[in-house]
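Read the structure below first, then the notes.
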Amino acid sequence: MAANVNEDKLFRINNRLCYFSNNGAYLAVAFHSNLLIKDAKTFDTCHSFVFADVIQCIEWSPNSEYILCANIKKAIVQVYSVHHPKWKCKLTEGSVGLQSVTWSPDSKCILTIADFNIQISIWDLEDQTVSYIQNLKTSAFDKLHFSPSSRRLAVITTEKNKDTVEIYRTDNWKISRVSIYIKIIMLSFLYNCII
């Protein structure tokens, strides 16, 4: 270690959970159940949050105003605000479990994929509502495909041995188009053709 290292700027992290915000202003650092938000220029701590359990996943919202923390095993997600540090939101998937979690492109919703691809839950942070997309195809490698404009979401579902591409509008999460296919090979190619 270099002799001139400032020890105040050293910090511990869990499993490489250390990410800059999308706007480059902040650095999020997770260690056990603690989440530190640091100024990206000075590495001074701006905010400190305590999660309900050991943090296994963190992700900044696209607009860099929020950050989510998740414990996948316990199916718990908590959201914190950088600009309103007393505000927080806790989401629990319950018995369906949690496989993954991500933000919608507009930073207004969080999408969680349940264990065994049972469903996608769309948690609207503004309206405090939850919408669901059922019957995800379990072999679909990448389950969420947003259009380049972020106004549509395409998912592969399966029911009665028929694969379907369902297109949802992201402003209201209502289905806007359904296409039935026997075998789906390249969703991104198909998606670009129909949107």
Side-chain angles (χ1 to χ4, degrees), residues 11-40 44-134 136 142-146 150-153 155 168-175:
F11 37 85
R12 293 181 171 190
I13 60 173
N14 280 3
N15 299 321
R16 299 183 205 141
L17 294 177
C18 181
Y19 298 103
F20 284 99
S21 59
N22 294 314
N23 65 5
Y26 302 102
L27 175 68
V29 179
F31 183 68
H32 294 298
S33 62
N34 298 308
L35 176 69
L36 299 177
I37 307 299
K38 296 182 169 287
D39 181 283
D44 292 333
T45 300
C46 301
H47 304 293
S48 177
F49 302 107
V50 178
F51 184 62
D53 209 301
V54 174
I55 299 170
Q56 295 178 322
C57 169
I58 62 174
E59 185 177 328
W60 283 99
S61 62
N63 66 7
S64 300
E65 292 185 25
Y66 302 97
I67 187 164
L68 66 79
C69 297
N71 183 297
I72 303 297
K73 290 180 183 175
K74 296 196 177 171
I76 301 170
V77 177
Q78 247 177 284
V79 183
Y80 301 100
S81 170
V82 175
H83 300 294
H84 305 284
K86 293 186 181 194
W87 179 91
K88 69 179 177 182
C89 176
K90 184 176 180 180
L91 313 172
T92 306
E93 271 293 3
S95 61
V96 298
L98 182 62
Q99 179 180 312
S100 64
V101 59
T102 193
W103 286 95
S104 63
D106 64 3
S107 302
K108 295 179 182 178
C109 298
I110 294 173
L111 289 82
T112 57
I113 298 178
D115 281 341
F116 309 110
N117 298 312
I118 294 170
Q119 67 187 18
I120 297 173
S121 301
I122 302 152
W123 305 81
D124 189 314
L125 298 178
E126 288 183 345
D127 297 340
Q128 298 181 358
T129 58
V130 184
S131 304
Y132 302 98
I133 299 173
Q134 305 285 333
L136 292 182
D142 209 1
K143 289 151 191 78
L144 300 176
H145 297 271
F146 288 96
S150 301
R151 295 185 309 185
R152 303 268 192 267
L153 167 69
V155 294
Y168 291 84
R169 294 180 49 191
T170 58
D171 60 346
N172 61 11
W173 301 104
K174 302 288 183 199
I175 200 162

Identified side chain to side chain contact (heavy atoms under 4.5 Å, CB included) partner of Val79 from the options Ser61, Cys69, Cys89: Cys89
Side chain Ser64, main chain Asn22, donor-acceptor under 3.5 Å: yes
Val101 vs Glu59, side chain to side chain contact (heavy atoms under 4.5 Å, CB included): CA-CA, chis, key distance, verdict: CA-CA 9 Å; Val101 59; Glu59 185 177 328; 5.6 Å; no
More than 12 heavy atoms from other groups under 6.0 Å of CG on Asp106: yes
Spacing of Leu98 atom CG and Thr92 atom OG1 [to the nearest 0.5 Å]: 10.0 Å
Validation row: Asn63, Trp103 side chains within 4.5 angstrom (heavy atoms): no
Side chain to side chain, Asn71 and Gln56, heavy atoms closer than 4.5 Å: yes
From Asp171 atom CG to Ser150 atom OG, the distance as rounded to the nearest 0.5 Å: 12.0 Å
Distance in Å, Ile76 CD1 paired with Ile55 CD1, rounded so as to fall on 0.5 Å steps: 11.5 Å
Side chain to side chain contact (heavy atoms under 4.5 Å, CB included) between Gln99 and Asn117, worked out: CA-CA 8 Å; Gln99 179 180 312; Asn117 298 312; 3.4 Å; yes
Closest non-hydrogen atom pair, Trp60 against Ile67: CE2-CD1, 3.7 Å
Rounded distance (nearest 0.5 Å) linking atom NZ of Lys73 with atom CG of Asp115: 12.0 Å
Heavy-atom closest contact (Ile58 atom, Cys18 atom, distance): CD1-N, 4.3 Å
Atom pair CD (Gln134) and CD (Gln119), whose distance is rounded to the nearest 0.5 Å: 5.0 Å
Separation of Lys38 NZ from Ser21 OG (nearest 0.5 Å): 14.0 Å
Side-chain (Gln78) to main-chain (Phe51) donor-acceptor, under 3.5 angstrom: no
Whether over 12 other heavy atoms sit under 6.0 Å from His84 NE2: no
His47 and Val82: CA distance, side-chain angles, deciding distance, side chain to side chain contact (heavy atoms under 4.5 Å, CB included) verdict: CA-CA 8 Å; His47 304 293; Val82 175; 4.2 Å; yes
Which residues share a ring-ring contact (aromatic ring centres under 6.0 Å, His included) with Tyr80, sequence neighbours left out: Phe49
Any side-chain heavy-atom pair of Ile113 and Leu144 under 4.5 Å: yes
Trace of the side chain to side chain contact (heavy atoms under 4.5 Å, CB included) decision for Leu153 with Leu111: CA-CA 11 Å; Leu153 167 69; Leu111 289 82; 4.1 Å; yes
Asp127 side chain to Thr129 backbone, donor-acceptor under 3.5 Å: no
Plane angle bin for Phe146 and Trp173 - parallel if under 30°, tilted between 30 and 60°, otherwise perpendicular: perpendicular
